[in-house]
There are 2 protein chains.
Amino acid sequence: MRLRICTWNVNSVRLRVEQVARFVREQAPDVLCLQEIKCREGEFPVNAFAEMGLPHVRIAGQKGWHGVAIASRLPIEDAPRLDVCREGHARCVGGTVAGVEVHNFYIPAGGDTPDREPNPKFDHKLDFYEKLTAELAKRNPKAPLAVVGDLNVAPGEHDVWNHRYMSKVVSHTPAEVEAFGKLVASLGFIDLPRAQTPEPEKVFSWWSYRAADFRASNRGLRLDHILVTPGLKEAAFRLGSAASRVHDDVRAWERPSDHAPVTADLVL
Amino acid sequence: MRLRICTWNVNSVRLRVEQVARFVREQAPDVLCLQEIKCREGEFPVNAFAEMGLPHVRIAGQKGWHGVAIASRLPIEDAPRLDVCREGHARCVGGTVAGVEVHNFYIPAGGDTPDREPNPKFDHKLDFYEKLTAELAKRNPKAPLAVVGDLNVAPGEHDVWNHRYMSKVVSHTPAEVEAFGKLVASLGFIDLPRAQTPEPEKVFSWWSYRAADFRASNRGLRLDHILVTPGLKEAAFRLGSAASRVHDDVRAWERPSDHAPVTADLVL
DNA sequence: GTGACTGTAG
DNA sequence: CTACAGTCAC
């Protein structure tokens, strides 16, 4: 059985239901993890998702900002909470689908200044990474578990359009890359989109709205991730190589999110 | 030669270009008078209007609020200015098309309280009517002249959904109805949409956004007008009766303005 | 309800 | 550039 997991920062789910429906029609994800839904639980368009074939939904919402959700073709069972946000934001939702524990995160962007002291947002971001890494380290690497979402870090030098320039910009600074590395090391996570497309090929999942033509300048970052435990390695590579990709065509649709969806297939 | 004059409060011309293009395709107005364009002159989508077949444009705009424009199939010559707004708002634009002087107004709505003393907006509205009436009285009734626009008064008891109720509400109070009457009397104006559809039949051109189904409740007002001088009487009635109507189907389109377009045909 | 303003955030 | 909040006007 194929389980297609998708992560997508939709940047307002209510403003983007049409695009989500089209993506679901074209790519048929089984588990769709959304970030920046920007609404309360009760404002989430559950009916539209049911019509898309994703009737099972877990939502962590709040007014106006942040907010994450998992919409699934199959029933969603409980999963241990991994909520490590010290500000109490709606940045994490988890569930178990077909025996796979899925944790969906919207990690803080971190503001402009890459320095914990003067910038509490950057401090919050690194604190989030530290707490999450500590929580994950308690878990069993052989258990089937996925950490997905907008992790707001581009970890590798080929995950950014310009490594030297971006090393001074929040999302790719050494402190963040290190924090991301420790998270990956906690359970020996496998980075599926990167396994599919090895370096030095560039892979991006986000392009700023500010560029007139995002394909022309292609100043992208890989901020959206699907990480799985060694317990899912076989399932992820059963077809020989990993089956994972960024759907960058979606970024070119009408009124797009600034993030593209990222998918990975597991064969269970 | 037929000259189809249209008045339409579009409630943001930039947000409504698609609807305007569709209306122009379907109804082919020769002179399109817009109110509440809500943009500066330089922000008006002149290219889109040229593509609609309305390449000649006169615009009086300002940032964010009010703003009026005339877009025409035929060239627009100058017309004497009739700008009587004491607040300096962009509420009037005039021009001469095919020998007909057209003056396009967005008269102030007038606030909530129908009393000049405590409500300066209501005072401004009546002041606008008084100054405009005085200016028009200087002109020759036999000259071909049209006063069109969102005049923000429903003059007749069959121009409102409930005469008794609306008599206490700004847009249909005795003071406004009287001001409108004096304007009409200044040059003996002919009210073309009303000439086409005599009382007691109700005619509305505006329905609040607040009603869920504007057709069901039908709490409309006739705020948008096409008034012509006796000098255009023959041209207006050359086909036997006046050819004028409210395009209320447009109010039911997707993302509509709260006003419907009103047209009148002259045969010159 | 809808749109445009300012301000904040990404 | 885009989307939220809160404010104002219609």
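Letters A, B, ... mirror the listed sequences (proteins, then strands); counts begin at 1. Owing to the predicted nature of the structure, the values given are computational and were not obtained by experimental measurement. As a basis for the values below, the full set of heavy atoms in this structure was taken, side chains included, without hydrogen atoms, waters or symmetry mates.
- Atom pair A:Glu87:CD and C:dA9:P shows a separation of 13 Å (rounding to whole Å applied).
- C:dG3 atom P lies 19 Å from atom CD of B:Gln62, rounded to whole Å.
- Regarding B:His89, its NE2 atom lies at a distance of 14 Å from the C1' atom of D:dC10, rounded to whole Å.
- Straight-line distance from the CZ atom of A:Arg91 to the P atom of C:dA9: 12 Å, rounded to whole Å.
- Looking at which nucleotide of DNA chain C each of A:Pro108 and B:Asp258 is closest to, the 5′-most match is held by B:Asp258.
- Put simply, CG on B:Asp150 is 17 Å from P on D:dA9, counting in whole angstrom units.
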Reading nucleotides 2-7 of chain D from the 5' end, what letters show protein touch, with B for base, S for backbone sugar-phosphate only, - for no heavy atom under 4.0 Å?
SSBSS-
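- Taking atom CG on B:Asp213 and atom C1' on C:dG1, their separation rounds to 14 Å, with Å as the unit.
- B:His66 places its NE2 atom 14 Å from the P atom of C:dA4, with the value rounded to the nearest Å.
- Interatomic distance, CZ of B:Phe214 versus OG of B:Ser208, reported as 12.0 Å (0.5 Å rounding).
- Applying the salt bridge (charged side-chain N to carboxylate O under 4.0 Å, His left out) rule to A:Arg16 yields no partners; only residues at least two apart in sequence or on another chain are considered.
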Walk me through whether B:Thr7 and B:Gln35 qualify under side chain to side chain donor-acceptor pair (under 3.5 Å).
CA-CA 8 Å; B:Thr7 178; B:Gln35 303 89 39; 2.9 Å; yes
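- A cation-pi contact links B:Arg22 to B:Trp253, judged by a cut-off of 6.0 Å to the six-membered ring centre and 45° from its axis.
- Counting only N and O atoms by type, the side chains of A:Asn11 and A:Tyr209 include a donor and acceptor under 3.5 Å apart.
- Distance CZ (A:Phe122) to C1' (C:dG10): 16 Å, rounded to an integer number of Å.
- Of the N and O atoms on the side chains of B:Thr133 and B:Glu130, not one donor lies less than 3.5 Å from an acceptor on the other residue.
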